[in-house]
Amino acid sequence: MKKLLNLDKKNLLKKLWKADPKLYEILKNSKDLEKVRDRVFDYLSFIERDYFNLHGNSKLNNLHRVEKSNAKRCIKAFKNFIRTEHEKITKFSFLETLFKLANNKLDVSKVEKAFLVELVFLLKGVHGRVFKDVKENHFFANLSKRNKAIKRSKQLDDYSSMILKHVEKYKSGLTTSVVKKREKLKNKILKYFNAKSLDWNDYKWHFKNIITDLDTLSSLVKLSKKEKEALTLAKKDGIPFQITPHYLSLFNEKGRTETDRVMRTLVMPSFNYSESVYENRNNMLNMDFMDEHSTSPIDCVTRRYPQILILKPFDSCPQICVYCQRNWEVKELKKAPKTREKIEKALKWIKKNKNIKEVLVTGGDPLTLDNSYLEWLFKYLDKIDHVQRIRVGTRTLVTVPQRINEGFLNLLKKYNKIGKQEICIVTHFEHALELSPDSLKAIDKIRKLGVSVYNQQVYTYYTSRRFETCALRKMLKVSGVDPYYSFNTKGKKETLDFRVPIARIEQERKEEARLIPGLERTDEPVFNVPRLGKFQLVSWQDHELIMLMPDGARVYTFYPWESKYILMDPYNYKDVPIYDYLKRLDKDGEDIREYSSIWYYF
Ligand code: SF4
């Protein structure tokens, strides 16, 4: 695969025609586009019939059923690409591009390598040539039951060794060598702020000493020239930047390494990010990707589902994540106003609406607020009989676990009423390296109260290597946290660095998550559609690949989750090209052969 990815466009085009000479002939010898459309469609249907075994003597009949099933999906994708309705939606004609390329009426420079490579793989799939080198295994043939089991058990051992080989590559924040280094940095931070070790346990001390400027940051950890330039630009463009002392202690003091690249990326705005946010603001572009304005029936409330809504009492967090979906409204801590009056109105609204069974208190991060405010809020919700669950969405377990103090634990104890109303925590660990002994202590205290802790991970480039998210799931589960969702990154321009193709998240689910025990992979991969909310990525009914663009990006249509109740317009989404993603992994030292089936996730 690497060889193919490195070919120039001319050679890729040759490969493409060689992958399907018959298709090339149709494109070459048809008079006009509509003739081509008919002929290509018929040609694909003809091949498809073979996979349905309608032509008894075709050599395709004898392919393995797994290969046939994959081929049918490739044919469906190809047929979707040539549909006129999809041309209208995407304002691009895939077929016309191929037609012109075959007849030398379009220069190959007009399409990206990503487009050509994806097509070569697609045609390989159409012709049933994907699994030809994969070993067949007939575990259950002609052996005694015990021998079948022994053979199968051996195969399962091999899978497990493969999982371990990968998972063990990723250190966690509980790995002894990592803990030791972090302890050293923690002491340096305390010294810098003239503090005592007891101060470390006080969240208010962390809040007071949140790092918001380059000078402080570079006095404590080594920054590269690029990182410094990016932070200077962020400051100039007014992009909020906040790191808690606790989170900074998770950095590597001597400069970016494998054990802190994810943390640095999550809190230090990159050049691309700052430039893009600045441009969006200047052009008055709407950064509210989820269109929360259109789903807010009353201030501070977002409602996308029948029985649960989001309540946002505060627009800031102790620490600001670069990829935050609410980056359009999350403000610096000192600039965020308290909204008690508006929240009171929102609570009254919830009280009147008996359909609301669950309230997700989020923000910003509600644990930025003090315990007396939270007590007032929980007490109000507790008195609303129809609210059966309060979810507290907080990243403080990661960013400042000291916030889980006695006062807050008492609130959890008081308002978690078995049989009447549940209170639970939904947190946000991105990587196993974000765990720390302090986080572990905080989780333990919550769990001892019988309160559940769930995790929502955003599946970004920095957490997407083979089995990297499995390493997180495993660490979370033994630490008392249940993986709940893994989110596809939002299609926001400013967060391009973080984005991962949908095909990769589907591949992760099938080839990695599926291999670990069920209780560890309790999260669901989801795609968040503006206004409508989450769509299950593993559910084929929810989405469909409809187009391949000249830059190699796929376009998907997402069908609303309530499609069986009401006909609503689907949502169309342009993904990031698989080719670009693989090239980036390759540059970062990954063996991209391990990802080679990614092209066949639709
Ligand atoms: S903690 Fe949550 S709300 Fe706050 S910046 Fe991070 S992702 Fe956004």
Side-chain angles (χ1 to χ4, degrees), residues 203 206-207 210-212 234 238-248 250 262-270 273-274 277 287-290 292 296 300-302 309-339 359-369 374 391-404 408 425-431 434-436 439 442 453-463 472 481 484-492 494-495 497-499 526 528 534:
Y203 84 89
H206 286 266
F207 278 21
I210 286 167
I211 294 121
T212 57
I239 314 283
F241 146 65
Q242 288 181 185
I243 308 177
T244 62
H246 170 83
Y247 200 79
L248 184 63
L250 312 185
V262 64
M263 275 80 72
R264 286 188 185 232
T265 324
L266 298 186
V267 288
M268 290 166 51
S270 69
Y273 179 83
S274 298
V277 171
M287 293 202 293
D288 172 12
F289 179 81
M290 288 303 290
E292 294 200 30
S296 175
C300 303
V301 165
T302 300
L309 55 70
I310 292 171
L311 182 68
K312 298 182 281 186
F314 196 52
D315 283 345
S316 190
C317 311
Q319 173 164 295
I320 294 180
C321 314
V322 176
Y323 57 86
C324 177
Q325 77 168 26
R326 296 207 173 95
N327 63 352
W328 53 279
E329 69 172 356
V330 167
K331 299 171 187 63
E332 275 177 65
L333 203 49
K334 52 184 185 249
K335 290 189 187 157
K338 294 253 169 72
T339 48
V359 175
L360 166 58
V361 182
T362 176
D365 195 320
L367 262 66
T368 321
L369 297 162
L374 294 175
R391 278 195 217 181
V392 183
T394 178
R395 189 156 146 78
T396 54
L397 277 171
V398 185
T399 61
V400 45
Q402 297 77 2
R403 176 64 188 87
I404 311 302
F408 181 67
I425 303 287
V426 180
T427 191
H428 177 178
F429 282 94
E430 273 292 283
H431 199 281
E434 283 192 328
L435 272 157
S436 65
S439 304
V453 184
Y454 302 98
N455 192 62
Q456 301 193 153
Q457 181 212 25
V458 181
Y459 194 76
T460 73
Y461 175 79
Y462 305 98
T463 55
L472 169 68
V481 181
Y484 174 44
Y485 278 129
S486 40
F487 286 102
N488 183 72
T489 44
K490 306 282 176 309
K492 294 168 77 143
E494 67 270 22
T495 50
D497 291 349
F498 291 91
R499 288 172 66 192
V526 288
N528 236 339
K534 297 169 197 75

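One-based numbering, in listed order, for ligands and for the atoms of each.
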Engineer: With sequence neighbours excluded, what pairs up with F241 under the ring pair (Phe, Tyr, Trp, His ring centres under 6.0 Å) test?
Structural biologist: none
Engineer: Can you name the closest pair of heavy atoms from C317 and I320 and give their distance?
Structural biologist: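 Scanning both residues completely, I find the closest heavy atoms to be O-CG1, 4.4 Å.
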Engineer: Taking the six-membered ring for Trp, are H428 and Y323 parallel (under 30°), tilted (30 to 60°) or perpendicular (over 60°)?
Structural biologist: perpendicular
Engineer: Between F498 and V322, is there a side-chain heavy-atom distance shorter than 4.5 Å?
Structural biologist: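 With C-beta onward as the side chain, the pair touches.
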Engineer: Evaluate the side-chain contact (heavy atoms from CB on, under 4.5 Å) criterion for residues I210 and Q319: first the C-alpha distance (whole Å), next the side-chain angles of each, then the deciding distance (0.1 Å), finally the verdict.
Structural biologist: CA-CA 8 Å; I210 286 167; Q319 173 164 295; over 6 Å; no
Engineer: Hey, are D365 and T394 close enough side-chain-wise for a donor-acceptor pair under 3.5 Å?
Structural biologist: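 Yes.
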Engineer: Is atom 2 (Fe) of ligand 1 close to the protein, meaning a heavy atom under 4.0 Å from it?
Structural biologist: no
Engineer: At a cut-off of 2.8 Å, list the protein N/O/S atoms near atom 8 (Fe) of ligand 1, residue plus atom name.
Structural biologist: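 Listed by chain and number, the nearby protein N, O or S atoms are C324 SG.
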